[in-house]
Amino acid sequence: MISSLWNLGAFIIALGILVAIHEFGHFWVARRCGVKVLRFSIGFGKTLWMRTGKDGTEYVVAMIPLGGFVKMLDERVDDVPEELKSQSFNCKPVLARIAIVAAGPLANFALAIVAFWFMFMIGVPSVKPVIGEVAPHSVMAQAGVTNKAIITAIDGQDVQDWNDVSLKLIEHMGEPTMAVQLYLEDTNYTVSRQVDLRKWKFDPERESPITSVGLTPYRPAVSQELAEVMKGSAGEHAGLLAGDKIIAVAQQPIESWSALVAKIQNSPDQMLVVTILRNGQQLDLNVTPKGKTGGDGVLTGYLGVAPVVASYPEDYLVDIQYGILDSVQQSVERTWQLTTLTFKMIGRLVTGDISLNNLSGPISIAKSAGASADYGLVYFLGFLALISVNLGLMNLMPLPVLDGGHLVYYTFELITGRPVSEKIQEVGFRIGSVIIMLLTGLALFNDFARL
């Protein structure tokens with residue numbers, strides 16, 4: 001419950017910022033072009049707060065935070081007095097109308113650049129992409145990639161952490177090959193491997209891009225000693241304490257933490273005899289893992305304990321941080337990278353190279369917002385920038401109900417010297433509305449299927 005509320009709160013904050021910036025783009029340029037703005041609204045539905053400015057504009061915050069709008073004076077919608085016709089949107093030159101419509105998506109790209117700029121200024125603590133294990137017969141194994149190698153570049157472009165690697169892998173979805181540059185610690189050599197991606201299969205619902213190519217990132221050793229026992233957990237009820245070392249379950253020796261996790265998860269609501277070492281003495285405790293049903297409907301056992309984990313070697317840690325000017329360059333480059341990547345993904349959705357099951361809606365976005373907020377400000381800024389780029393590009397899609405559709409109409413008018421007929425605009429609006437409703441419904445269906 002608390003997790004859901006946290007996700008909802010982070011979602012509302014993120015979406016509120018994105019919508020406010022997008023609509024402010026329209027609002028600011030409209031005012032600069034001499035268009036009278038009647039209402040600036042963040043959200044839809046019932047009005048929660050409203051104030052009328054000295055300029056006569058109504059500033060509104062509404063109940064449903066899934067969008068917003070800027071209502072401008074327009075003869076096609078309202079009866080406009082003669083003295084105000086010069087301030088009507090439809091009376092402005094076509095270039096001014098194009099600027100007003102394009103300002104919303106452009107504001108989202110500007111927000112992404114600013115968010116990334118702050119993120120790189122603050123610094124992102126991360127770890128180098130050190131390979132812990134390569135799965136046999138995977139595309140990476142077939143290319144000759146080995147354990148403990150450090151990925152330094154993909155297709156000639158440097159990568160600093162696993163996030164960079166993930167982005168590069170997603171960029172290569174649908175492509176036949178990929179060049180990977182590796183630093184081999186044991187020999188102190190840098191080598192290049194050509195990876196054949198033609199047989200690469202990636203299901204985003206089940207795995208990450210990294211694991212799908214057969215890579216497991218290096219992780220510090222995890223001991224069987226308990227670092228923490230959660231309050232109210234099955235482990236606490238059984239008498240487990242921080243510092244205990246679990247050496248056996250049901251009289252079967254436990255050699256690793258992963259083996260312990262597997263045993264506990266496979267024994268929901270079943271009493272187990274757990275053998276521990278405490279202060280040099282061996283003790284047996286009766287433990288009953290608490291059963292919880294996951295999103296896949298499977299009942300899984302939970303003990304509510306956390307292990308002692310070794311630290312990363314210092315030379316594996318990296319703090320991705322830049323100065324004021326370098327952060328500007330990095331933020332622009334990252335925004336451009338996400339923009340081109342999103343275009344590629346849209347193209348591959350259209351061609352069928354990527355399944356429509358990958359579409360996400362507000363529930364998935366809310367979960368991601370909450371998770372990024374959990375990790376701290378810099379990760380929330382990165383999430384905000386990512387969603388802002390996607391929102392900007394989505395609004396540029398050439399559908400009549402979106403900014404992109406209006407830009408298509410106005411571009412046609414600019415080229416031909418005459419506006420698109422009202423009948424064609426109405427038909428386009430209806431078709432666009434149906435497409436948006438279908439995509440929204442599919443995204444929501446995918447969201448619920450992942451719960």
Side-chain angles (χ1 to χ4, degrees), residues 127 129-157 159 161-182 191-219 258 261-262 265 294-298 300 337-361 363-365 367-368 371 386 389-390 393 438-439 441-451:
V127 294
V130 183
I131 300 171
E133 185 177 345
V134 182
H137 313 299
S138 65
V139 294
M140 286 294 182
Q142 292 172 5
V145 177
T146 57
N147 299 352
K148 294 299 178 74
I150 302 176
I151 303 174
T152 57
I154 293 179
D155 274 352
Q157 297 183 342
V159 292
D161 61 5
W162 283 110
N163 182 60
D164 287 349
V165 174
S166 291
L167 288 175
K168 289 298 179 186
L169 288 174
I170 294 171
E171 284 181 9
H172 284 79
M173 289 177 66
E175 296 185 4
T177 60
M178 176 180 69
V180 178
Q181 185 173 299
L182 305 165
V191 298
S192 183
R193 297 286 185 262
Q194 200 71 18
V195 183
D196 186 348
L197 299 177
R198 288 174 296 179
K199 295 182 180 180
W200 176 31
K201 297 184 184 299
F202 172 40
D203 183 356
E205 294 184 29
R206 297 184 179 181
E207 57 189 346
S208 71
I210 295 166
T211 56
S212 69
V213 294
L215 298 181
T216 300
Y218 167 82
R219 295 281 187 268
S258 58
V261 170
Q265 289 182 340
D296 54 3
V298 176
T300 303
Q337 180 188 29
L338 290 176
T339 301
T340 55
L341 176 60
T342 304
F343 267 124
K344 286 183 180 179
M345 293 303 102
I346 292 173
R348 287 167 184 167
L349 280 171
V350 173
T351 58
D353 289 335
I354 300 176
S355 170
L356 289 172
N357 292 336
N358 297 323
L359 285 177
S360 295
I363 296 174
S364 293
I365 295 173
K367 287 182 176 179
S368 299
L386 171 64
V389 168
N390 280 270
L393 288 175
L438 289 173
L439 289 174
L442 179 60
L444 284 170
F445 175 80
N446 290 340
D447 278 355
F448 285 114
R450 295 182 185 119
L451 289 177

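Values in this document were obtained by computation on a predicted structure and should not be read as measured data.
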Nearest heavy atoms of [X] and [Y], plus distance in Å:
X	Y	result
Val134	Thr146	CG2-C, 3.8 Å
Pro129	Val165	CB-CG2, 3.8 Å
Asp164	Asp161	N-OD1, 3.0 Å
Val130	Trp162	O-CZ2, 3.2 Å
Ala135	Ala141	O-CB, 3.3 Å
Gln142	His137	NE2-O, 3.1 Å

Just verifying a value: how many Å separate [X] [atom1] and [Y] [atom2], rounded to the nearest 0.5 Å?
X	Y	atom1	atom2	value
Lys148	Ile131	NZ	CD1	11.5 Å
Ile151	Leu182	CD1	CG	6.5 Å
Ile210	Leu169	CD1	CG	7.0 Å

Who are the salt bridge (Lys or Arg N to Asp or Glu O under 4.0 Å) partners of Asp196, not counting sequence neighbours? Arg198

Just so I know, are the side chains of His172 and Val195 near enough to count as touching, which here means a heavy-atom distance under 4.5 Å? no

Close side-chain approach of Leu338 and Leu167, heavy atoms under 4.5 Å: yes

Should Val159 and Thr152 be marked as a side chain to side chain contact (heavy atoms under 4.5 Å, CB included) after you check the CA-CA gap, both sets of side-chain angles, and the distance that decides it? CA-CA 5 Å; Val159 292; Thr152 57; 5.6 Å; no

Is the side chain of Asp155 donor-acceptor paired with the backbone N or O of Met178 at a distance under 3.5 Å, no angle test? no

Donor-acceptor contact present, side-chain Arg193 to main-chain Val145, <3.5 Å: no

Please evaluate residues Asn147 and Tyr218 with respect to the criterion side chain to side chain contact (heavy atoms under 4.5 Å, CB included), reporting the C-alpha separation (whole Å), side-chain torsions for both, the decisive distance (0.1 Å), and the verdict. CA-CA 9 Å; Asn147 299 352; Tyr218 167 82; over 6 Å; no

